[in-house]
Amino acid sequence: MEVFDRVLSAIATAVGPEVGLDGQLSNWVLVGDELAYLDVTTPLLRDDRHAERMPIGVFLASLPWALRPVVRRFMLQGILDKYYEPRGVVLDLLGNLYKEKLECWLPRFLEIANARVSPRLSQDEVRRYYDSDARSWALLQRLRHMDRWWQTRVRRKVYPFLLPGSIER
C-alpha cells in the first residue's frame with residue numbers, strides 16, 4: 001500500500017491546471033526505493049490560458065481522417081481535462097485496475113484514495129467510468145482497424161500506425 005500512497009502523492013504534487021499526466025499503474029515503476037514515472041504521452045502541458053501546449057493533432061493523428069473533427073469537437077476536451085485534475089487522474093488509475101484484472105485491490109485502494117480526493121470516489125463510480133472508457137477506446141480501435149483495411153486494401157497505401165491486436169477488457 002505504501003507504493004500506491006506514493007503514487008497518489010506524486011499525482012497530487014504534479015497535477016494541476018497547467019500540468020497533467022496519465023497516472024495509470026503501468027506508468028509507474030520502482031527503481032530501487034525511488035518511484036519513477038514512465039509515459040511517452042506526457043507531460044501534458046497547458047499555458048496560462050489553459051490552451052494545450054502540445055499540438056492537439058498529435059492525439060488525433062491515428063484516427064481516421066473523417067473522425068478527427070468529430071473527436072476534436074465533442075470528445076477531446078473531456079478526455080484531456082481529466083488528466084489535469086488529481087481526482088480525474090485517480091479515477092482513471094482506479095478504473096485501470098479492471099483492465100489489468102486487479103479489481104480485487106479496488107476496495108483498499110479506494111479507501112486510501114478517498115483520504116486524498118474530494119468528492120469521494122465510490123466503487124460504482126469507478127466501474128461506470130471504466131465501462132464507459134473501455135467502450136470508447138474499443139470503438140476507436142475498431143474504427144482504426146477499419147481505416148487500416150480501407151487504406152491498405154482499397155487505397156493501396158501504407159498504413160502509418162501500428163495497431164494492437166484484441167485487447168481483453
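A quick note: this is a predicted structure, and the numbers were derived from the prediction, not measured. In what follows, residues are counted from 1 in the order of the sequence shown.
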- Using links of under 4.5 Å between side-chain heavy atoms of ILVMFWY residues, direct or through other members, which residues join W149 in one cluster? W150, V154
Between [X] and [Y], which heavy-atom pair has the shortest distance, and what is it?
X: A113; Y: V90; result: CB-CG1, 3.8 Å
X: R6; Y: L35; result: NH2-N, 3.3 Å
X: Y37; Y: D22; result: OH-O, 2.8 Å
X: R120; Y: R87; result: O-NH2, 3.2 Å
X: L25; Y: L97; result: CD1-CD2, 3.3 Å

Distance check, rounded to the nearest 0.5 Å: [X] atom [atom1] versus [Y] atom [atom2]?
X: E103; Y: N96; atom1: CD; atom2: CG; answer: 11.5 Å
X: E52; Y: L76; atom1: CD; atom2: CG; answer: 7.5 Å
X: D81; Y: H50; atom1: CG; atom2: NE2; answer: 10.5 Å

Taking atom types as modelled and ignoring hydrogens, do the side chains of [X] and [Y] form a donor-acceptor contact shorter than 3.5 angstrom?
X: R127; Y: S122; value: no
X: S62; Y: R144; value: yes
X: H145; Y: R148; value: yes

- Query: W105 vs F109 aromatic rings, parallel, tilted or perpendicular, using cut-offs 30° and 60°?
  - Reply: tilted
Please determine whether a side-chain nitrogen of the Lys or Arg among [X] and [Y] lies less than 4.0 Å from a carboxylate oxygen of the Asp or Glu.
X: R108; Y: E111; answer: yes
X: D131; Y: R135; answer: no
X: D5; Y: R116; answer: yes

- Item | Six-ring centre of Y84, R46 cation under 6.0 angstrom, axis tolerance 45° | yes
- Item | Option among V71, L140, D147 that satisfies the side chain to side chain contact (heavy atoms under 4.5 Å, CB included) test with P64 | D147
- Backbone N/O of R153 and side chain of R156: donor-acceptor pair under 3.5 Å: yes
- Return yes if some donor-acceptor pair links the side-chain N/O of W28 with the main-chain N/O of G23 below 3.5 Å, else return no. yes
